[in-house]
Amino acid sequence: MPLVDGVERLGVLAVRTAWLDGVRMRRSRVPAHLFAMLITSKRAYSDWLAARTRTATMRLPAEMLRAFLPPRTIGSSRCVSTAVLEPAYGIAGDAFDHSVVKNILHTMILDAMRDDLTAGLTTSVAMAAARNARRSGADLADVVGSVDQALAQWLPDSFCTGVLCRLDAETGALRWVNCGHPHRC
């Protein structure tokens, strides 16, 4: 049975039975829903699940960034967004963010320069600044301005490239901004 929390796919619950009918299917869904709720509620403050699902040692920049990432899959009745990062244990300055508010899907892909802890810090500051501006109702240009201002203030020797998008799931209108590398002098 699928382990699903909202639209996020968490895994699969194996159910062994001699035969499968409608009653057993319904009865199997209940523990699957309960396990999904348990996993979702516990993973935020317990290391147990993370320790058992890892197949390699995670680098410190990856550990830091993963703490800030949203669920891999989010959605509403009108849209679903799914994102993953590869290589899973070796990321440093790569990140994504997505959020749905009133049928508006907000997405962001970030990539900071370098491949070290500073890259993770840069991406974390950029993500926090973007979320803060977005949650205050800023438009895309103002979100980008907030990210630029935060990086200039807190990490002036670093920069981050990114793509920020807003999709109106009712009308299909997509607005996006591509923030590339700064010009070299």
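Quick caveat, the model's predicted, so the values are computed rather than measured. When reading the values below, keep in mind they use all heavy atoms of this one structure, side chains included, and skip hydrogens, waters and symmetry mates. All residue numbers in this chain count up from 1 along the given sequence.
- Here the shortest heavy-atom pairing between Cys160 and Ala126 reads SG-CB, 4.3 Å.
- Listed by first and then second residue, the side-chain hydrogen bond (donor to acceptor under 3.5 Å, both in side chains) pairs involving residues 56-72 are Arg54-Glu63 (not counting sequence neighbours).
- For the pair Leu65 and Gly120, the tightest heavy-atom approach, listed with the atom from each and the gap, is CD2-O, 3.9 Å.
- Grouped with Val30 in one hydrophobic cluster are Leu34, Met37, the linkage being side-chain heavy-atom contacts under 4.5 Å among Ile, Leu, Val, Met, Phe, Trp and Tyr residues.
- The side-chain hydrogen bond (donor to acceptor under 3.5 Å, both in side chains) check on Asp94 picks up nothing, with sequence neighbours excluded.
- Ser41 is linked by a side-chain hydrogen bond (donor to acceptor under 3.5 Å, both in side chains) to nothing, counting only residues two or more places apart in sequence or in another chain.
- Connection of Trp48 to Ile39 is established within a shared hydrophobic cluster, with ILVMFWY side chains joined at heavy-atom distances below 4.5 Å, either directly or through further cluster members.
- Hydrophobic cluster membership differs between Leu174 and Leu140, with clusters built from Ile, Leu, Val, Met, Phe, Trp and Tyr side chains linked at under 4.5 angstrom.
- Both Val177 and Val125 are assigned to one and the same hydrophobic cluster, defined by single-linkage of ILVMFWY side chains at heavy-atom distances under 4.5 Å.
- At a threshold of 4.5 Å between side-chain heavy atoms, the hydrophobic network of Ile, Leu, Val, Met, Phe, Trp and Tyr places Val147 and Val163 in two separate groups.
- Counted within 6.0 Å of CG on Asp21, heavy atoms from surrounding residues, nucleotides or ligands total more than 12; the atom is thus considered enclosed.
- For Glu170, the side-chain hydrogen bond (donor to acceptor under 3.5 Å, both in side chains) test picks out Asn103, with sequence neighbours left out.
- The minimum heavy-atom distance linking Ala112 with Ala119 is given by the pair CB-O, 3.4 Å.
- Put simply, the side chain of Asp157 does not reach to within 4.5 Å of the side chain of Thr118, judged on heavy atoms.
- Closest of all the heavy-atom pairs between Leu110 and Gly162 is CD2-CA, 4.2 Å.
- Under the ring-ring contact (aromatic ring centres under 6.0 Å, His included) criterion, His98 pairs with Phe96, sequence neighbours left out.
- Looking at Arg134 and Asp97, a side-chain N of the basic residue comes within less than 4.0 Å of a carboxylate O on the acidic one, giving a salt bridge.
- Shortest non-hydrogen contact noted between Leu164 and Cys179 is CD1-SG, 4.3 Å.
- Contact record, Asp116 with Pro61: C-CG, 3.8 Å, taken as the closest heavy-atom pair.
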Side chain to side chain contact (heavy atoms under 4.5 Å, CB included) evaluation trace for Leu167 with Thr107 | CA-CA 8 Å; Leu167 172 66; Thr107 63; over 6 Å; no
